[in-house]
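Have a look at this one before I ask anything.
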Amino acid sequence: MQNAAVAAVFDEIADYMELAGENSFKIRAYRRAAEAVANYEGAIEDAAENGELRSIEGLGEATAAKVSEFLATGAVRYLDRLREEFPPGLLDLIRVPGLGPKKVSQLYRDKQIDSVEALNVALETNALQGVSGFGPKTIENIKSGLRRMAQMSKRLPLGDALLLAASIVKGVESLPGVERVEVAGSLRRGSDTVGDINLLAATNDVAATLAGFVELPHALVVSEQDEKSASVRVRPGIEVRLRATAPEAFGFNFFRATGSHAHFEAAQIAASERGLELREDGLFRDGVAVEIPTEAAFYELLGAPFIEPELRENRGEIPAAQQGRLPRLITSADIRGDLHSHSTWSDGVLSIRQMAQAMQARGYEYFAVTDHSKALAMANGLNAERLREQAKEIAEVQAEFPDLKILRGIECDIMRDGSMDLDDDILHELDIVVASVHSGFTFDEKTQTERVLKAIAHPAVDIVAHPTGRILGVRPPYDINVPELIAAAREYSTCLEINASERLDLSDENAFAAREAGVLLAIDSDAHSARMLPNVELGVLTARRAWCEKKHVLNAKPTAELLQWLQRPEARR
DNA sequence: GCCGTTTTCGGCCCGACTGTTTTCAGTCG
């Protein structure tokens, strides 16, 4: 399947065209082509084979020809020419917050700055002083953008890490002697971002397995290797470490390689209370190593049942396990619907009908159509009039899907003053209102908090989406007082979202606090295409880290209960 | 560059904020 590779070609072309100052509609055409290919449900090479490229919406004569060229030759000459014209570092520079194509090409033209490194040097030596358009505030913004970027690029968002790990696991499985390979470390615990990927292999030939591992195509550089493990860098800043162990030692090593460090230390204390010694190299009774074939066997020795990896953060899981009060963690199978999704009415790529098909294919009982509201003009946000038009289409599609409840909703912008982007009368007409912030990210904490508190208290608002505004690897949360949001959500019976797309917002820590406070959570995909629906599983991992059971999650409720909850007038007004 | 129930040209994704200006360009969502 070459869809992602072809989409990357079009995106790269669009990036270069921005630098070249090309017509914005032409650039947009390439972006759309990238999206069309990425979201195409089949393999793009099959479409090319069958002469169906031109029937894909968003591909025209020029872009379809480039798809064919890429599939035939592995390259696109047009892109090759662009690559010769501009240094590749300029593409990194466009991604620095505060820099766009115009400023980047100016820096390149006037100061020959062609990479993030060169920009850092220029900033350190004050070389940008006096460059027109680069005043003190702009320079300060660029510096803080660079700092944020450097911080975030060291860690991989959970979704990306899972994909990368899965492909490396496949490679390791094929190595000599390997019986079993598992992801361990923070990735197994479902951390929102991971620094390194840890794998554990049970093998009959440790040396051969490790030797094969460092030769896998993923490995750019071998950074460490001893007789038990090897680390390779698979992309800048991202290391994959494989520990190899004899099959009979897998249980203990799986526990140890999964962590967290804090959990390990808590387990050491629990072990010593039972006359055992837990060390890095094993569990010992009177100096003799205890055989531990499985993780369950290990926890049993601590007087506890198996502890799910997502709980292993020393948030009280060991005593809870010993006392038989571990939560029955929510699973993906408990999710009965999606309460935050987009269609072509705003910036989604699928019609309501297509979204309904995709939701039904996932086995959902219900979903909410929550397109953007009018303040998000760039996303073609809806006003009251268009929302009422949309109701007709929803009713039509609903008639075709008797087993799928389609909720009429909106993702309504929370304005700068905390008011809603749409009037109360239209909001009360809807089945569900999801409220969210898409502007004013730089407000101070007090202003930002008060603004969102107003939304939480609004009688029409059911869910506040992505409450802290972060996007993993892109943007940190804005300054906002989460405990105050949680208290208000509890008071007004408003649900808070775990946005499961590239945000994972609420974070696990915040979701943990919300659940403890008795606030209901919604795990939503925020899908703009069918491809994004499975992201909900990342949100489930986050909810599990927050000790959530299905009773804590709004969209784990059956349809009737959900509809009843959406009524909840007594708590609201 | 794509698209077409106004079909081979002309419209398409707009509005606000920021910082730098001296009336606006660039960035962002």
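In what follows, every chain begins at residue 1, and chains take the letters A, B, ... in the order their sequences are listed.
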Close residues, residues 22-38 of chain A, relative to DNA chain B [heavy-atom separation under 4.0 Å]: A:Phe25, A:Lys26, A:Arg28, A:Ala29, A:Tyr30
Touch class at under 4.0 angstrom, heavy-atom based, for A:Arg54 against every strand present: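 Result for A:Arg54 = nothing.
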Donor-acceptor contact present, side-chain A:Arg155 to main-chain A:Gly473, <3.5 Å: no
Proximity to DNA chain B (any heavy atom under 4.0 Å), residues of residues 136-150 of chain A only: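 Only A:Pro136, A:Lys137, A:Thr138, A:Asn141 qualify.
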Length of the line joining A:Asn380:CG and B:dG29:P, which is rounded to integer Å: 19 Å
Euclidean distance, atom CG of residue A:Leu19 to atom P of B:dG26 [Å, nearest integer]: 13 Å
Atom pair distance, as rounded to whole Å: CG in A:Leu376 and C1' in B:dC17: 14 Å
Touch class at under 4.0 angstrom, heavy-atom based, for A:Gly58 against every strand present: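 A:Gly58: backbone/sugar contact only, no base atoms under 4.0 Å.
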Side-chain (A:Glu497) to main-chain (A:His466) donor-acceptor, under 3.5 angstrom: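 Yes.
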Under-4.0 Å salt bridge between A:Glu18 and A:Arg31: yes
Positions of residues 97-107 of chain A (non-hydrogen atom under 4.0 Å from DNA chain B), listed by number: A:Pro97, A:Gly98, A:Leu99, A:Gly100, A:Pro101, A:Lys102, A:Lys103
Exercise: do A:Asp421 and A:Ser373 side chains pair donor with acceptor under 3.5 Å: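 Yes, because at least one side-chain N or O of A:Asp421 sits under 3.5 Å from a partner of the opposite role on A:Ser373.
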Atom-to-atom span, OH of A:Tyr478 to C1' of B:dG29 - whole angstrom: 13 Å
From CA spacing to verdict: side-chain hydrogen bond (donor to acceptor under 3.5 Å, both in side chains), A:Gln106, A:Arg109: CA-CA 5 Å; A:Gln106 190 193 354; A:Arg109 217 176 36 240; 5.4 Å; no
Nucleotide opposite B:dT18 in a Watson-Crick or G-U pair, distances under 3.5 Å: B:dA25
Nearest-Å distance for atom pair NE2/C1', residues A:His438 and B:dT27: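 These atoms are roughly 17 Å apart.
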Gap between atoms CZ and P, on A:Phe441 and B:dT18 respectively (whole Å):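 In whole Å, B:dT18 P and A:Phe441 CZ are 12 Å from each other.
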Atom pair distance, as rounded to whole Å: NZ in A:Lys66 and C1' in B:dG1: 9 Å
B:dC17 and B:dG10, which share atom name P, separated by this distance in whole Å: 35 Å
Distance under 6.0 Å and angle within 45° of ring axis: A:Lys103 vs A:Phe134: yes
Inter-nucleotide C1' distance (B:dC3, B:dT8), Å rounded: 11 Å
Whole angstrom value for the distance that separates P of B:dG1 from CG of A:Asp11: 16 Å
Lys NZ or Arg CZ of A:Arg83 over A:Phe86 ring: under 6.0 Å, within 45°: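 Verdict for A:Phe86: no cation-pi partner in A:Arg83.
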Verdict with reasoning, A:Glu537 to A:Ser332, per side-chain hydrogen bond (donor to acceptor under 3.5 Å, both in side chains): CA-CA 6 Å; A:Glu537 285 156 30; A:Ser332 293; 4.6 Å; no
Closest listed nucleotide, where the reference is the side chain of A:Arg475 and the choices are B:dG29, B:dG1, B:dT18: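 Closest of the options to the side chain of A:Arg475: B:dG29.
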